[in-house]
2 protein chains.
Amino acid sequence: MPSVFIDVGMSLDGFIAGPNGRPGNPVGDGGTRIHEWVFPLAVLAERAGGSGGERGPDDDLVRAVFDRTGAYVMGRRTFDEGEVGWPEHAPFRAPVFVVTRHARESWVRPGGTVFHFVTEGFEEALRCAREAAGGKDVRVQGGASVIQQALRAGVVDELTVHLAPVLLGKGVLLLANLPAETFRLTPVEAHASARVTHLTWRVER
Amino acid sequence: MPSVFIDVGMSLDGFIAGPNGRPGNPVGDGGTRIHEWVFPLAVLAERAGGSGGERGPDDDLVRAVFDRTGAYVMGRRTFDEGEVGWPEHAPFRAPVFVVTRHARESWVRPGGTVFHFVTEGFEEALRCAREAAGGKDVRVQGGASVIQQALRAGVVDELTVHLAPVLLGKGVLLLANLPAETFRLTPVEAHASARVTHLTWRVER
């Protein structure tokens with residue numbers, strides 16, 4: 001059965017974004033330092049409709065994550081930041097279900113990304129994403145609120161964290177608002193590249 | 001040249017101990033969950049003067065850490081918790097320099113551990129440890145205060161974190177009180193065992 005997975009960049013001190021994130025200041029103050037390892041990769045240039053960039057194990061890994069993903073679930077704030085920040089060819093190239101209170105017509109982008117706006121909550125967005133994924137996996141993209149909802153709902157199969165060797169000191173914590181005692185993960189994979197450490201756990205139900 | 005290294009267990013949400021740690025409640029409320037992967041290992045049983053326990057990659061790894069260490073630097077609170085908590089054969093089997101305000105005669109334990117009490121601060125304790133290490137490496141054992149002093153002082157060559165797949169929610173953070181912008185690590189190694197993920201970074205000076 002296709003998986004529901006989280007795949008997210010995090011600072012060593014647990015933040016997935018700096019403080020004061022908003023449209024025009026995506027991932028918050030200093031938050032881009034978490035993703036420095038991603039920006040030079042060829043797959044990002046290609047997904048933006050261009051070419052060039054670095055190849056290698058990190059690039060292969062990000063490529064594989066895009067390839068396995070048939071649909072996305074995204075929080076409204078992440079969408080708002082990305083709406084003005086992504087290139088015209090948004091990188092997803094698949095249906096993206098945005099959890100929001102505000103109904104809006106689907107927004108079709110060049111390159112195959114279509115944003116759908118779901119006003120009935122996270123679980124309904126996940127249902128739509130599973131249906132739209134065409135047998136591929138569903139990625140709970142973020143931000144923290146949607147990721148934490150997914151973990152609390154017990155619908156996540158796999159958690160991947162790209163642990164960046166930086167400290168932010170403040171910002172948005174990935175692993176907050178979770179039931180500590182009942183949260184069970186099993187380590188599955190760990191790989192250190194020159195810039196980042198890739199970690200995957202299976203989430204036990 | 002021998003290294004100065006940190007080797008510490010941490011929860012997924014960044015804690016190396018739970019709250020309310022004190023003699024009789026070592027590593028604080030729930031903090032032993034961080035170290036669950038260590039307790040069954042053969043090397044711990046042996047170091048306590050006994051036998052039995054599990055062998056395998058985790059055991060080999062802990063054994064190698066003990067073997068490379070010629071001397072330890074330890075905080076006073078960690079010592080206070082351990083003084084009443086360690087078995088009579090304390091596991092270190094090497095000189096341990098405790099940073100404290102209270103002068104005290106050296107305390108010799110069966111099995112080769114000798115605690116020395118240094119009242120002139122962390123850097124002096126480190127100097128003593130380097131001298132006593134006989135060409136082996138010096139481990140900054142902890143707790144958080146001594147580890148953070150060592151990182152701020154720029155004397156650490158290598159940071160190893162054993163990332164336990166548990167959440168504590170509160171307690172003592174490893175990576176607090178550090179100069180975020182100037183703290184530079186390079187990933188060196190990552191290995192997932194069935195119970196824990198071992199991560200090592202080189203600390204850039």
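Proteins get letters first, then strands, A, B, ... in listed order; numbering begins at 1 in each. Here the structure is a predicted model, which means the values were calculated and not measured.
Contacts between L168(B) and chain A at a heavy-atom distance below 4.5 Å involve the backbone alone (N, CA, C, O). Only the side chain of L163(B) comes within contact range of chain A, with at least one heavy atom under 4.5 Å from a heavy atom of that chain. For S11(B), no part lies near chain A; criterion is any non-hydrogen pair under 4.5 Å. With a threshold of 4.5 angstrom between heavy atoms, V188(A) approaches chain B through N, CA, C or O but not through any side-chain atom. For a residue to count as touching a neighbouring chain, one of its non-hydrogen atoms must lie under 4.5 Å from one of that chain's; by this rule V196(B) touches chain A with the backbone only. At a 4.5 Å heavy-atom cutoff, the contact between R195(B) and chain A is made by backbone atoms alone.
Contact annotation for residues 87-100 of chain A against chain B (heavy-atom separation below 4.5 Å): no residues qualify.
Distance CG/L159(B) to CG/L12(A): 7.5 Å, rounded to 0.5 Å. To the nearest 0.5 angstrom, D13(A) atom CG is 9.0 Å from F183(B) atom CZ.
Ranked by heavy-atom pairs under 4.5 Å with chain A, the list R33(B), R184(B), H191(B) is led by R33(B). Of all the listed residues (T200(A), V166(A), L167(A)), the one sharing the greatest number of non-hydrogen pairs under 4.5 Å with chain B is L167(A).
The two residues A192(B) and P187(A) have their closest heavy-atom pair at CB-CB, 4.0 Å.
Taking a 6.0 Å sphere around CD of E46(A), one finds it holds more than 12 heavy atoms contributed by other residues, nucleotides or ligands. By the neighbour-count criterion of 12 heavy atoms within 6.0 Å, atom CZ of R77(B) is sparsely surrounded, having that number or fewer from other residues, nucleotides or ligands. In this structure, K136(B) places its NZ atom where more than 12 heavy-atom neighbours from other residues, nucleotides or ligands lie under 6.0 Å away.
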Item to check | Pair L199(A)-L199(B), side chain to side chain contact (heavy atoms under 4.5 Å, CB included): steps then yes or no | outcome: CA-CA 10 Å; L199(A) 304 172; L199(B) 305 172; 3.6 Å; yes
